[in-house]
Colleague: 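Quick one: the structure is below, questions incoming.
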2 protein chains.
Amino acid sequence: MTFDQGHESSPGRPLAPRPLYQQARELLVRKIIDGVWGPGGYLPSEQQLAREFGVSIGTLRKATDDLVDQGLLERQHGRGTQVVAHSSARSRFRFLRFFHADGRLFDPVARLLRRTVRAATAAERTHLALEKSARVVGLTRIRSEAGEALVFERIALPADLFLQLELDPRVELSEEVYVFYQRQCGVTIVRAEDQVALDAADAETAQALGLAEGAAVLRVRRVAYGLDGRRVEHRESWTAKLRYQVELD
Amino acid sequence: MTFDQGHESSPGRPLAPRPLYQQARELLVRKIIDGVWGPGGYLPSEQQLAREFGVSIGTLRKATDDLVDQGLLERQHGRGTQVVAHSSARSRFRFLRFFHADGRLFDPVARLLRRTVRAATAAERTHLALEKSARVVGLTRIRSEAGEALVFERIALPADLFLQLELDPRVELSEEVYVFYQRQCGVTIVRAEDQVALDAADAETAQALGLAEGAAVLRVRRVAYGLDGRRVEHRESWTAKLRYQVELD
DNA sequence: AGTCTTAGGTCATATAGATGACATTTGACC
DNA sequence: GGTCAAATGTCATCTATATGACCTAAGACT
């Protein structure tokens with residue numbers, strides 16, 4: 001395998017060549033990013049890939065194992081290995097952390113209130129690591145269940161990646177927005193950092209959720225990361241009745 | 001390897017014999033539970049263990065890999081593999097999810113207010129899967145930083161496991177209680193489920209945190225699991241200023 | 001006593017191949 | 001056309017072995 005060519009030549013700093021399986025993993029990620037197989041698409045067989053990369057099957061397997069653990073690939077015994085599409089159940093439960101007080105999963109439909117393209121706020125620039133002049137696509141939406149508005153949400157997305165994102169405001173969507181990020185903009189969310197804080201409802205939030213302005217609400221702020229490690233989503237969600245639930249292991 | 005003996009003999013239900021590496025993993029977990037090596041202790045070398053279990057090194061390695069991923073073991077290149085002690089940094093950051101608004105980690109000392117042994121409440125029985133007559137050890141404590149009380153906490157632990165738990169109320173502890181669970185009671189926490197909700201401070205919470213009774217606070221309810229999968233801790237934490245932060249991947 | 005080298009133990013990475021289980025396709029047969 | 005069995009391709013598990021990197025301790029040498 002010749003992935004690490006050129007590194008050894010830098011004098012003084014030997015720069016330990018990374019293990020083959022890591023290089024293979026990164027090659028795979030690169031191909032996924034480039035859309036060689038597309039979400040839901042099947043990879044070539046392990047045999048073929050190993051030959052193509054010039055490594056043994058065991059080594060290739062270790063690389064794909066990592067990506068399966070990471071939730072990027074899904075293996076199906078006897079069928080093959082495919083790139084995870086965000087609609088898959090696994091991927092959905094991974095990022096939807098709202099639950100009712102009795103432990104029932106929150107299973108909402110979402111209605112888009114606004115879609116704007118504007119300059120990023122200071123907070124958004126910080127959290128998304130954007131330039132001063134950067135623009136974002138802003139989404140404002142309400143997520144409800146059985147007709148009751150339970151979550152009010154403001155999302156900011158780097159405009160350079162998401163300009164072509166179009167959501168029909170007349171339709172209530174039951175799918176995660178991440179499905180649309182992936183389908184329309186080729187952006188796959190692989191990781192997120194959530195911060196849950198106490199907050200007071202601002203005018204719009206209060207109105208959307210049927211609360212008094214200034215009422216205590218839960219605010220979840222999320223920064224989500226794409227395949228290449230770039231920060232691609234800044235999201236704030238407010239709710240008064242739901243709970244945030246997560247498993248640590 | 002003869003782990004699965006006796007299973008095949010049950011008629012009608014063939015019960016697919018589990019893969020060797022899973023059986024090896026469970027054997028390891030069993031030994032860890034039984035305290036064969038104790039927290040911080042070193043396992044025999046991979047060679048020895050593989051011989052002892054009658055499997056190849058690759059198979060044994062897959063088993064230990066799983067346990068390392070799960071945070072139960074730690075490998076040190078050139079030294080050996082040891083059972084994780086809860087004081088280790090990794091284990092600490094895993095379960096401490098409170099942060100300041102500016103992102104700084106909450107690094108508290110804890111002061112014990114009360115230790116009681118009493119009948120479990122209905123909620124505790126539900127969350128800990130206890131019998132109707134079960135008793136629990138109850139801990140009440142305040143966690144502060146720089147002299148400021150920031151988290152008020154009530155913990156319930158099954159009395160059959162934790163009766164010998166003794167914490168000195170005169171000393172402020174900077175270590176996680178999980179260290180003491182492990183040292184004094186042989187209970188290792190490996191997994192937890194956290195639920196973050198909006199709440200109103202009760203009288204004691206308000207007093208502890210310097211708030212008005214009924215003030216809005218964040219409540220984190222945790223159910224934590226031991227090595228054998230048993231629920232061993234029910235904890236409720238209240239805070240007004242701190243945030244709950246977690247990474248999803 | 002202190003420093004350096006060396007030897008041996010450990011985990012980390014990589015290979016090659018064998019066997020089994022699962023899913024789909026092909027084709028014989030009715 | 002429909003049904004069943006065989007063939008084929010895929011991932012899953014397991015073995016055996018080799019080499020390298022990292023850590024420690026024992027000696028050799030100053």
Side-chain angles (χ1 to χ4, degrees), chain A residues 1-4 7-8 13-28 37 40-84 88 90, chain B residues 1-4 7-8 13-28 37 40-84 88 90:
Chain A
M1 214 177 187
T2 54
F3 301 158
D4 263 338
H7 286 266
E8 276 85 328
R13 221 186 328 160
L15 180 58
R18 286 152 309 150
L20 280 180
Y21 74 87
Q22 284 183 24
Q23 300 180 42
R25 187 179 62 205
E26 282 158 34
L27 250 187
L28 282 171
W37 305 297
Y42 282 93
L43 272 59
S45 78
E46 295 180 333
Q47 286 258 351
Q48 271 178 270
L49 272 178
R51 251 204 319 278
E52 182 184 331
F53 289 178
V55 301
S56 76
I57 273 198
T59 301
L60 179 90
R61 189 150 237 277
K62 179 147 184 171
T64 51
D65 275 347
D66 284 357
L67 298 181
V68 169
D69 285 347
Q70 201 182 319
L72 222 73
L73 297 178
E74 266 175 355
R75 273 203 248 263
Q76 290 174 66
H77 193 160
R79 290 202 67 186
T81 303
Q82 53 185 164
V83 179
V84 162
S88 82
R90 177 121 145 281
Chain B
M1 212 176 185
T2 54
F3 300 159
D4 263 339
H7 286 266
E8 276 85 314
R13 222 187 322 161
L15 180 58
R18 285 151 311 150
L20 280 181
Y21 73 87
Q22 284 182 24
Q23 299 179 42
R25 187 178 62 206
E26 281 158 34
L27 250 187
L28 283 171
W37 304 298
Y42 280 94
L43 272 59
S45 77
E46 296 180 331
Q47 286 257 353
Q48 270 177 271
L49 271 178
R51 249 203 321 276
E52 183 184 331
F53 289 179
V55 302
S56 77
I57 272 198
T59 301
L60 178 91
R61 189 150 237 277
K62 180 147 183 169
T64 50
D65 275 347
D66 285 356
L67 297 182
V68 169
D69 286 348
Q70 202 183 317
L72 221 72
L73 297 178
E74 267 176 353
R75 272 203 249 263
Q76 290 175 64
H77 192 158
R79 291 203 64 185
T81 304
Q82 55 185 163
V83 179
V84 162
S88 81
R90 176 119 146 283

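Worth saying up front: this structure is predicted, and the values here are computed from it rather than measured. Throughout, a chain's letter reflects where its sequence line sits, starting with A, and its residues are numbered from 1.
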Colleague: Distance check needed: D:dA12 C1' versus B:Q23 CD, whole Å only.
Modeller: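 From B:Q23 CD to D:dA12 C1': 15 Å.
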Colleague: Would you say A:K62 places a side-chain N or O within less than 4.0 Å of OP1 or OP2 belonging to C:dA14?
Modeller: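 No, A:K62 has no side-chain N/O under 4.0 Å of OP1/OP2 on C:dA14.
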Colleague: Using the side chain to side chain contact (heavy atoms under 4.5 Å, CB included) rule, pick out the option among B:L43, B:L72, B:L67 that qualifies with B:V83.
Modeller: B:L43
Colleague: From CD of B:Q22 over to P of D:dT13, roughly how many Å is that when rounded to an integer?
Modeller: 7 Å
Colleague: How many whole angstroms separate atom CG of B:D66 from atom C1' of D:dT13?
Modeller: 13 Å
Colleague: In whole Å, I'd like the distance from the CZ atom of B:R79 to the C1' atom of D:dT24.
Modeller: 8 Å
Colleague: Quick one: is B:T59 getting a side-chain N or O under 4.0 Å of the D:dT13 phosphate, OP1 or OP2?
Modeller: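 Looking at the OP1 and OP2 atoms of D:dT13, neither is under 4.0 Å from any side-chain N or O of B:T59.
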Colleague: Distance check needed: D:dC22 P versus B:E46 CD, whole Å only.
Modeller: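 One finds 16 Å between P of D:dC22 and CD of B:E46, rounded.
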Colleague: In whole Å, I'd like the distance from the CZ atom of A:R51 to the C1' atom of C:dA16.
Modeller: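 That distance rounds to 15 Å.
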Colleague: Taking for each residue the nucleotide of DNA chain C bearing the nearest heavy atom, is the 5' side occupied by A:L60 or by B:Q48?
Modeller: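 The residue mapped nearer the 5' terminus is B:Q48.
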Colleague: Look up atom CG in B:L60 and atom CD in B:Q47, then write down how far apart they are to the nearest 0.5 Å.
Modeller: 10.5 Å
Colleague: Looking at C:dC11, I'd like to know if its phosphate oxygens (OP1 or OP2) sit under 4.0 Å from a side-chain N or O belonging to B:T81.
Modeller: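 The answer is yes; a side-chain N or O of B:T81 sits under 4.0 Å from OP1 or OP2.
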Colleague: By nearest atom, which of the nucleotides D:dT15, C:dT13, D:dA12 is closest to the A:R75 side chain?
Modeller: D:dA12
Colleague: Taking the nucleotide of DNA chain C with the nearest heavy atom to each, does B:R61 or B:G78 sit closer to the 5' end?
Modeller: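 Closer to the 5' end of DNA chain C: B:G78.
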Colleague: What does A:Q76 touch in the nucleic acid at a heavy-atom separation under 4.0 angstrom: a base, only the sugar-phosphate, or nothing?
Modeller: sugar-phosphate
Colleague: Looking at CG of B:L49 and OG1 of B:T59, how far apart are the two atoms once the value is rounded to the nearest 0.5 Å?
Modeller: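 Between B:L49 CG and B:T59 OG1, I get 13.0 Å after rounding to 0.5 Å.
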Colleague: Separation of A:L73 atom CG from D:dT10 atom P, in whole Å?
Modeller: 16 Å
Colleague: Using every non-hydrogen atom in the two residues, find where B:G71 and B:V84 come nearest and quote the distance to one decimal.
Modeller: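 Where B:G71 meets B:V84 most closely, the heavy atoms are O-CG2, 3.5 Å.
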Colleague: Does the pair A:R75 and A:E46 meet the rule for a salt bridge (Lys or Arg N to Asp or Glu O under 4.0 Å), with working shown?
Modeller: CA-CA 11 Å; A:R75 273 203 248 263; A:E46 295 180 333; 3.3 Å; yes
Colleague: Rounded to whole Å, how long is the line connecting atom CD of B:Q47 with atom P of D:dT15?
Modeller: 14 Å
Colleague: Assess whether one donor atom and one acceptor atom, taken from the side chain of B:H77 and the base of C:dA12, lie less than 3.5 Å apart.
Modeller: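 No pair found.
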Colleague: From the options D:dA12, C:dT10, D:dT13, select the nucleotide whose nearest atom is closest to the side chain of B:S45.
Modeller: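 For B:S45, the side-chain atoms sit closest to C:dT10.
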